[in-house]
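What follows is a set of notes on a single structure, which appears directly below.
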2 protein chains.
Amino acid sequence: MNAELSKNFGKIIIEFRKEKKISQEELGFRSNLHRTYIGMIERGEKNITLENIDKLSKGLDVSMKLIFEKLNKLIIIWKNIFLKNL
Amino acid sequence: MNAELSKNFGKIIIEFRKEKKISQEELGFRSNLHRTYIGMIERGEKNITLENIDKLSKGLDVSMKLIFEKLNKLIIIWKNIFLKNL
DNA sequence: CTCATACTACATACTATAGTTAGCATATTA
DNA sequence: TAATATGCTAACTATAGTATGTAGTATGAG
């Protein structure tokens, strides 16, 4: 599993959730996913599927496009940090 | 499984692949995924994971952001067709 | 402060299903 | 018609999805 990718994805989800000021449990309700599963995703412990990305985006009331826009930006930032340390 | 979502995703992948003028097999090589798996994804038979979305995007040399931008647009089109038939 | 409440982390464990491959059928095209 | 590309079935194995329970942490009211 690509842990780095999942972790970055988790960070994005946390960011959006905090923005909406809701708990993992509340996000679970809204996206029809279990409370602990949300936690796992946020900690980057699971390689989420397309269907659940869609559910999360609906629960967070943001488009998948926006999620991946942020994710791509985050990945680029990480890449640059990595390259600087070569 | 959300078949509609997977099918729409598959259509996007086909679109990008044809744009690059490569076969499923070639895309398989480039993204490090099996030929038949690419076929399944394009036919919307599998609920793909984030990791493999990432692999595909690299094999197709496009950003995930762009994939989901197109996917969101396609979903909106499908929604409108659905609403018109109410 | 301190107690209660809400929130999150984490460790299992189970069951669904994604990921992977082989093989053969069926187009498609040169 | 030979070569190339795709569809599809079937099987296996890896792991995502789901849930319970417990422990720890943060926060706010009294």
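Values below: all heavy atoms of this structure, side chains included; hydrogens, waters and symmetry mates excluded. Keep in mind the model is a prediction, meaning the values are calculated, not measured. Each chain gets a letter, A, B and so on, in the order its sequence line appears, and its residues count up from 1.
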Quiz prompt | Spacing of A:Glu25 atom CD relative to C:dA6 atom P, expressed in whole Å | solution = 10 Å

Quiz item: Does a nitrogen or oxygen in the side chain of B:Asn52 sit under 4.0 Å from OP1 or OP2 of C:dG19?
Solution: yes

Practice problem: Could you please name the option among D:dA16, D:dA19, D:dA5 that lies closest to any side-chain atom of A:Met1? | Solution: D:dA16

Exercise. Check every strand shown and say whether A:Thr36 touches a base, only sugar-phosphate, or nothing at a heavy-atom separation below 4.0 Å.
Key: base

Quiz prompt | Length of the NZ-C1' vector between A:Lys20 and C:dC7, whole Å | solution = 20 Å

Quiz prompt | Atom-pair distance (NZ on A:Lys18; C1' on C:dA6), nearest Å | solution = 14 Å

Exercise. Find the distance A:His34:NE2 to C:dA13:P and express it as a whole number of Å.
Key: 17 Å

Quiz prompt | Pairing of B:Glu26 and B:Lys20 as salt bridge, 4.0 angstrom limit | solution = no

Practice problem: Assess whether atom NZ of A:Lys65 is packed by more than 12 heavy atoms of other residues, nucleotides or ligands within 6.0 Å. | Solution: no

Exercise. Have a look at A:Thr49 and tell me which of B:Leu50, B:Asn2, B:Thr49 forms a side-chain contact (heavy atoms from CB on, under 4.5 Å) with it.
Key: B:Thr49

Quiz prompt | Spacing of A:Asn32 atom CG relative to D:dG17 atom P, expressed in whole Å | solution = 14 Å

Quiz prompt | Closest to side chain of B:Ser23, choosing from D:dT18, C:dG19, D:dA5 | solution = D:dA5

Quiz item: Using the P atom in both, what is the distance from C:dT20 to D:dG17, to the nearest Å?
Solution: 15 Å

Quiz item: B:Asn47 side chain to A:Glu51 main-chain N or O, any donor-acceptor pair under 3.5 Å?
Solution: yes

Quiz item: How close or far is atom P of C:dA16 from atom NZ of A:Lys46, stated in whole angstroms?
Solution: 15 Å

Quiz item: What's the closest nucleotide to the B:Thr49 side chain, out of D:dT6, C:dC7, C:dG19?
Solution: C:dG19

Exercise. Compare the minimum distances between each of D:dC8, D:dA5, C:dT12 and the side chain of A:Met40, then state the nucleotide with the smallest one.
Key: C:dT12

Practice problem: Output the distance between atom CZ (A:Phe16) and atom CD1 (A:Ile13), rounded to the nearest 0.5 Å. | Solution: 7.5 Å

Exercise. By nearest nucleotide on DNA chain C, pick out whichever of A:Arg17 and B:Leu50 is the more 5' one.
Key: A:Arg17

Quiz item: In whole Å, what is the span from the CZ atom of B:Arg43 to the P atom of C:dG19?
Solution: 15 Å

Quiz item: Which nucleotide, C:dC10, C:dT12, C:dT8, lies nearest any side-chain atom of A:Gln24?
Solution: C:dT8

Quiz item: Among D:dG17, C:dT20, C:dT8, which nucleotide sits nearest the side chain of A:Arg35?
Solution: C:dT8

Self-check item: Length of the OH-C1' vector between A:Tyr37 and C:dA13, whole Å
Solution: 17 Å

